[in-house]
2 protein chains.
Amino acid sequence: MRLTERKIAAALRRHGYKLTPQRRSVIRAIASSQDHLTPAAIYLKVRQDHPSIGLVTIYRTLDILVRLELICELHAGGSCHSYTTGAPEHHHHLICSNCGEVIDFSGYYLTELEQRLSRETGFKIEGHLLEFIGRCQNCQQND
Amino acid sequence: MRLTERKIAAALRRHGYKLTPQRRSVIRAIASSQDHLTPAAIYLKVRQDHPSIGLVTIYRTLDILVRLELICELHAGGSCHSYTTGAPEHHHHLICSNCGEVIDFSGYYLTELEQRLSRETGFKIEGHLLEFIGRCQNCQQND
DNA sequence: ATATAAATGATAATCTTTTTCATTTACAGC
DNA sequence: GCTGTAAATGAAAAAGATTATCATTTATAT
């Protein structure tokens, strides 16, 4: 279950940030997309509503949204620095290497492995990054 | 078990690439470091041996080494585009969020999860990215 | 020793991301 | 509804990161 535009906007306000039309538009761009978008791609989308928006505003908004964990940054498949809508619960991603579609999956926990690592290395584990990359059904057929 | 400078160099040659002093030096920079280095950091290190080396050579060498899977690219902890020595077997990384030390761990397989995802989504899974981030023992003490 | 394809470094071009700062705006409080 | 104020925006430029081009150099097979 992905966060909707409404929920992201509400969370922004709840944290004391102003809800400007530009920010709304950035959120909409991300929330309305099945796949992950780079800052430049978001910029292009948002400019349809706000022709005079600056790329800076995109970067600033993305920073905040990532920090509040309302959107996720993806890494697998060569595309660092691209973003997709967040989700309220702990989850991971499955990304299509062809079309970029992102599927969330939850219910998988790395607690045991985390404990093993902690025990064996003395690390105090703070987080992890787990992403799968593959071909979605659609892209398999059209090959 | 990490690949040594020797092994990486040998593998390069085996794949038909020339073993230049510059490439040797890039490999040494990465292999001799406990943690992960950005292209710029590698550039600085290598310039001690090769004051006239170009940053381009660093990028070109990194490209090749990644493609041959002789070095790994790290993503967790904010530092995309940084590199550490590869390993001959399937493994994952544990990265210190403070000093950047990288620990490899192996013996963990995601086959079951992979099958579940494949079954549930129809994706043909090609690979994955699993990295943990945390504080190493040293950095926990010096806080 | 030599020929040759591959690799290098200098330079410039192209992105991408950050800084700075004057102007504008969302919204809390009245 | 107004209004004051801190926060947000956009323009412009600076700073960083990455890639392209090309003449020169070099590793290595023979």
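Chain identifiers are assigned alphabetically (A, B, ...) following the order of the sequence lines, protein sequences preceding nucleic acid strands; residue numbering begins at 1 within each chain.
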**Student:** Looking only at the side chains, is there a donor atom on one of A:H81 and B:H81 sitting less than 3.5 Å from an acceptor on the other?
**Tutor:**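 Note: A:H81 and B:H81 side chains miss the donor-acceptor criterion.
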**Student:** Does a side-chain N or O from A:Q22 land closer than 4.0 Å to OP1 or OP2 of C:dT25, or not?
**Tutor:** no
**Student:** Would you say that more than 12 heavy atoms from the other residues, nucleotides or ligands in this model lie under 6.0 Å from the CD of A:E126, or not?
**Tutor:** yes
**Student:** Phosphate oxygens OP1/OP2 of C:dT8: is one of them under 4.0 Å from a side-chain N or O of B:T20?
**Tutor:** yes
**Student:** Using atom CG of A:D63 as one end and atom C1' of D:dA7 as the other, report the distance to the nearest whole Å.
**Tutor:**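 Whole-Å distance recorded here is 16 Å.
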**Student:** Taking the side chain of A:K18 as heavy atoms from C-beta outward, which of D:dA6, C:dA28, D:dA27 is closest to it?
**Tutor:** D:dA6
**Student:** Scan side-chain atoms only and decide if B:Q22 and B:T57 contain a donor-acceptor pair under the 3.5 Å cut-off.
**Tutor:** no
**Student:** Could you give the NE2-to-P distance, from A:H15 to D:dA8, as a whole number of Å?
**Tutor:** 14 Å
**Student:** Rounded to whole Å, please give me the gap between CZ in A:R24 and C1' in D:dT9.
**Tutor:**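 To the nearest whole Å, that distance equals 17 Å.
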**Student:** Provide, to the nearest angstrom, the distance between the CD1 atom belonging to B:I64 and the C1' atom belonging to D:dT19.
**Tutor:** 15 Å
**Student:** With a 4.0 Å cut-off on N to O distance, would you call A:R24 and A:D49 a salt bridge?
**Tutor:**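 A:D49 and A:R24: not salt-bridged.
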**Student:** Without decimals, in angstroms, what is the distance between B:L19 CG and D:dA29 C1'?
**Tutor:**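 Going from CG in B:L19 over to C1' in D:dA29 covers 15 Å.
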**Student:** With distance as the sole test, does A:E131 use its side chain to make a donor-acceptor pair with the main-chain N or O of A:A76 at under 3.5 Å?
**Tutor:** yes
**Student:** Distance-only, no hydrogens or angles: does the A:E5 side chain make a donor-acceptor pair with backbone N or O of A:A31 under 3.5 Å?
**Tutor:**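 Checked: no pair found.
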**Student:** Share the residues that join B:V56 in a hydrophobic cluster, the rule being Ile, Leu, Val, Met, Phe, Trp or Tyr side chains under 4.5 Å apart at the heavy-atom level.
**Tutor:** none
**Student:** Once you round it to whole Å, what is the distance between P of D:dG16 and NE2 of B:H81?
**Tutor:**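 Interatomic distance, NE2 of B:H81 to P of D:dG16: 18 Å.
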**Student:** Going by heavy atoms closer than 4.0 Å, what residues in residues 37-62 of chain A are next to DNA chain C?
**Tutor:** A:P39, A:L55, A:V56, A:Y59
**Student:** Is B:R23 close enough to D:dA27 that one of its side-chain N or O atoms is under 4.0 Å from OP1 or OP2 there?
**Tutor:** no
**Student:** Can you tell me if the side-chain N/O atoms of A:R13 get under 4.0 Å from OP1 or OP2 in C:dA28?
**Tutor:** yes
